[in-house]
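The structure that follows is given in the form of C-alpha cells.
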Amino acid sequence: MDRHWQALHDHRKAAQGRSILSYFDAPDRARNFSASADGLLLDYSKTAIDEKARDLLLALYEAAGVPARREAMFTGARINETEDRAVLHTALRNPSAPVQLDGEDISAGIAETLNRMRRFAEGVRGGQIAGQGGAYTDVVNIGIGGSDLGPAMAALALAPYRDGPRLHFVSNVDGADIADTLAPLDPERTLIIVASKTFTTIETMTNAKTARDWMAARTREPARQFAALSSATDKITEWGIAEDHAFGFADWVGGRYSIWGPIGLSLMIGIGPERFDEFLAGGAAIDAHFRAAPAAENLPVLLALVGIWHNQICGYPTRAVLPYDNRLARLPAYLQQLEMESNGKRVAMDGRDLDLPSGPVVWGEPGTNGQHAFYQLIHQGTQIVPCEFILAARGHEPDLRHQHLLLMANCLAQSEALMTGRDLEAARKIALKSGASGDDLDRQARHRVFEGNRPSTTLLLEKLTPFTLGQIIALYEHRVFVEGAILGINSFDQWGVELGKELALAVEPLLRGDDAPGHDPSTRRLAEALREMGAD
C-alpha cells in the first residue's frame, strides 16, 4: 500500500474510539473545519477528521497529482484515456473563455450553439415558434440517464422561476411512463424534444417513436412538433426534424455532465435564457474557485477528501445526500448517476485491479420526509452512514417563513443528534418517565440509546436560485473528479452500462419464443414463465 494511504489508515487506527464531539475541545473547531466560496458554506467539523488527518489527506491529494490533472482537464487534454476524449463540459458554462482542443479554439462553436438555443427558447416562449394549435403550452423531454436526470432535476429545483411552458420528462422504456405523460396533453400545442447524442439509444428512440405515432394520429404535420438534441444529423433528417430544431454537442461532453449545453434546452425554455445564463454562471464560479483556491480552502477538494476519508479509510460503504429542500428531491438521484457511474470502477487507469474500494453507494431523499423513513437506520442501525445535509437560509415562500424556520431547525438538529447521540443514563431517565421500572427499566432504556458519533457535513446556501443550483452541481462534479483522480481511475467512461444493454437485445428473441442460444437456464426459464403469463 502507498505510504500516504498507509499513514491515513494508521492515523485512523490510532484515533479509533475517539468521539467526534471530543474534537470540539480544540478552539474554533467549527470555523477551522469549514470553508466558503461565493455564498456557499461547507461545514465538515462533524467528522472524525482532525488537523493531522486533514494534512495527510491533503498530502495524498498532492501526491496523486490532482492539481496537474485538473489543469489538464480544463485545458483540453484527452484525460478520458479509454475513449481517447477530452473532458470539457466546463467550457459549456463559460463560452466567452478561449479553450483549445487539438490546437483549435472551440469557444466560438460553444457560443454559437448557446445563441441558437437562446433564439429557439425565446421563440418557443414568445409563441413565434409554435405548434399547429398555437403557442406551445407543454414541452416533453425524452431521454435517459444524463439526458433526463439533469434537466428533470433542475426543472423541479427551479420551479419558482418557470414562466414558460410546462415541462415533462420521459425516460423509462416502460410504456406507462410515456403513456401517462402524453395522455393529458394537447398534441397540437406540445413540443417533443428527443435527447440522444447518437439518436440510437434504444430506450429513448423507442419512446420517441411512440411519441411520433401519438402525434401522427392527432396532427397533420407531426415532425413540426419535434426538436432533437443530437449530433447525428443524418438520422435527425430521416425523422423529418427541421435543421433549426436540432442542436448537437461534441463527444467531449459526457452524458451525466451535459446539462450545461443542448441537453439543458428544456430547462432554458422553462426558465428563460437569462435565468439559464445565471445557472451557467454558478457553475463557472465554482470552476474558477476550484482552479484557484488553495486545497485547504477549496470546496470540491475538501468535499472529496471527506468522501475519501469515510469510504476508503473508515470503510463506510454508503453516503446519504439529504437536501432540506423539497425542490431538490431529484438531486440524490442525479448524484447517484454522477458519482456511481463515474467512480463505480474496478480497475485503475492502467488496467490493474484496484486495491482500494471505489466509489460508495450514494442515496438519499429530501428532509423532513426521510426523518420518518430511513433516519431510524442512520441513527441506530449497525452500519454507519455518513450524511451530507444541504440547506438554504431562505425559501421562496415569504408567507411560510415559520415553516422554513422549522425546516432549518430539523436539519441542524439531525446533524447534531447524529454526532452527540444519547447515553444510557439519559435514556434511563426517559424510560423512567414513560413508566418503566424494575427489570424492564434497563431494557426500555437500551432501546432509547443513540450511540452518536455518526459523521455528517452540511452545505449551506443563501437561497436555491439558478446561480446556486449551478454551484451545487459543479461542486459535486469536481468532487467526483478529485476522488477519481486520487483513486487513479477514469471517471469519464461508463463501460459498466454496456453489457446489460447488449444482452437486452439478445434476450428479446427468448420472449418471442424464438430460438436464442447462449442464455443461462435461469434466464430461459424466466422468459418461458413470462410467455406463460401472457407477456406482450
Side-chain angles (χ1 to χ4, degrees), residues 18-55 57-58 61 285-286 289-290 293-311 313-314 316 319-325 328 331-332 335 362 364 366-368 370-371 375 378-379 384-394 404-405 407-421 452-464 468 471-476 478-479 482-483:
R18 184 178 177 183
S19 71
I20 295 172
L21 191 59
S22 71
Y23 289 102
F24 285 87
D25 293 341
D28 244 0
R29 162 81 181 180
R31 189 174 298 277
N32 290 335
F33 284 78
S34 63
S36 59
D38 294 305
L40 296 184
L41 172 67
L42 173 66
D43 179 291
Y44 61 103
S45 62
K46 293 189 180 78
T47 69
I49 297 174
D50 59 7
E51 289 189 4
K52 182 176 181 180
R54 181 169 61 189
D55 288 344
L57 287 164
L58 289 168
Y61 162 82
I286 290 295
H289 168 78
F290 181 43
E297 302 167 19
N298 194 305
L299 265 62
V301 173
L302 292 171
L303 194 58
L305 294 180
V306 171
I308 291 286
W309 173 261
H310 286 152
N311 186 227
I313 304 303
C314 298
Y316 305 145
R319 71 167 65 116
V321 178
L322 307 170
Y324 273 66
D325 190 314
L328 288 176
L331 181 65
L335 295 181
V362 178
T368 57
Q371 293 175 200
Y375 276 45
I378 289 176
H379 279 290
I384 292 179
V385 180
C387 295
E388 298 183 356
F389 295 95
I390 301 174
L391 177 66
R394 293 180 289 129
H404 193 73
L405 181 65
L407 180 78
M408 293 189 293
N410 269 272
C411 181
L412 299 186
Q414 289 296 329
S415 67
E416 184 177 38
L418 285 167
M419 178 178 67
T420 60
N453 208 33
R454 307 210 167 194
S456 68
T457 62
T458 301
L459 180 68
L460 297 183
L461 50 143
E462 294 175 8
K463 188 176 183 178
L464 183 59
T468 55
Q471 288 180 297
I472 291 169
I473 297 174
L475 169 63
Y476 273 91
H478 293 320
R479 182 254 191 96
V482 172
E483 290 190 10

> Are side-chain heavy atoms of Thr47 and His310 found at a separation under 4.5 Å?
Replying inline: yes

>> Tell me whether Lys463 at atom NZ has more than 12 heavy atoms from other residues, nucleotides or ligands lying less than 6.0 Å away.
In response: yes

>> When you compare the side chain of Gln471 with that of Asp38, does any pair of heavy atoms fall below 4.5 Å?
In response: yes

> What heavy-atom pair brings Ser45 and Arg29 nearest, and what distance separates the two atoms?
Replying inline: O-NH2, 2.9 Å

>> For a 4.5 angstrom cut-off between non-hydrogen side-chain atoms, does Leu459 reach Leu475?
In response: yes

>> Would you compute the distance between atom OG of Ser456 and atom CZ of Arg319 and round it to the nearest 0.5 angstrom?
In response: 13.5 Å

> CD1/Ile472 to CG/Leu299 distance, rounded to the nearest 0.5 angstrom?
Replying inline: 11.5 Å

> Hey, does Ile308 have a side-chain heavy atom less than 4.5 Å from the side chain of Leu57?
Replying inline: yes

>> Using every non-hydrogen atom in the two residues, find where Tyr61 and Leu305 come nearest and quote the distance to one decimal.
In response: CB-CD2, 4.2 Å

> Would you say Phe290 and Asn298 make side-chain contact, with heavy atoms under 4.5 Å?
Replying inline: yes

> Is the shortest heavy-atom distance from the side chain of Pro455 to the side chain of Trp309 under 4.5 Å?
Replying inline: no

> Shortest non-hydrogen contact from Met419 to Leu21?
Replying inline: CE-CD1, 3.7 Å

> Would you call Ile286 and His478 a side-chain contact if the rule is heavy atoms closer than 4.5 Å?
Replying inline: yes

>> Under a 3.5 Å distance rule, please check whether Asn311 uses its side chain to pair with a backbone N or O of Tyr316 as donor and acceptor.
In response: yes

>> Go through it in stages, so that I can follow the logic: the residues are Leu418 and Ile378, the test is side chain to side chain contact (heavy atoms under 4.5 Å, CB included), and I'd like the CA-CA distance, side-chain angles, deciding distance and then a yes or no.
In response: CA-CA 8 Å; Leu418 285 167; Ile378 289 176; 3.3 Å; yes

>> Checking His379 now: which residues fulfil ring-ring contact (aromatic ring centres under 6.0 Å, His included) with it, not counting sequence neighbours?
In response: Phe450

> What is the minimum heavy-atom distance between Ala48 and Tyr23, and which atoms define it?
Replying inline: O-OH, 3.6 Å

>> Could you go through Asp43 and Leu460, starting from their C-alpha distance and side-chain angles, then the distance that decides it, and tell me whether this counts as side chain to side chain contact (heavy atoms under 4.5 Å, CB included)?
In response: CA-CA 8 Å; Asp43 179 291; Leu460 297 183; over 6 Å; no

> If you take all heavy atoms of Glu51 and Phe33, which pair is closest and at what distance?
Replying inline: N-CZ, 3.6 Å

> To the nearest 0.5 Å, how far apart are CG in Leu42 and OG in Ser34?
Replying inline: 8.0 Å

>> Just so I know, are the side chains of Tyr476 and Leu303 near enough to count as touching, which here means a heavy-atom distance under 4.5 Å?
In response: yes

> Can you tell me how far the CG atom of Asn32 sits from the CZ atom of Arg54, to the nearest 0.5 Å?
Replying inline: 6.5 Å

> If you measure from CG on Leu331 to CG on Leu322, what distance do you get to the nearest 0.5 Å?
Replying inline: 10.5 Å

> Taking atom CG of Leu328 and atom CG of Leu461, what is their separation to the nearest 0.5 Å?
Replying inline: 8.0 Å

>> Suppose we screen for side chain to side chain donor-acceptor pair (under 3.5 Å). Which residues come up paired with Tyr324, at least two apart in sequence or across chains?
In response: Gln371, Tyr375

>> Please find the pair of heavy atoms, one from Leu464 and one from Ala392, that lie closest to each other, and give the distance.
In response: N-CB, 4.2 Å

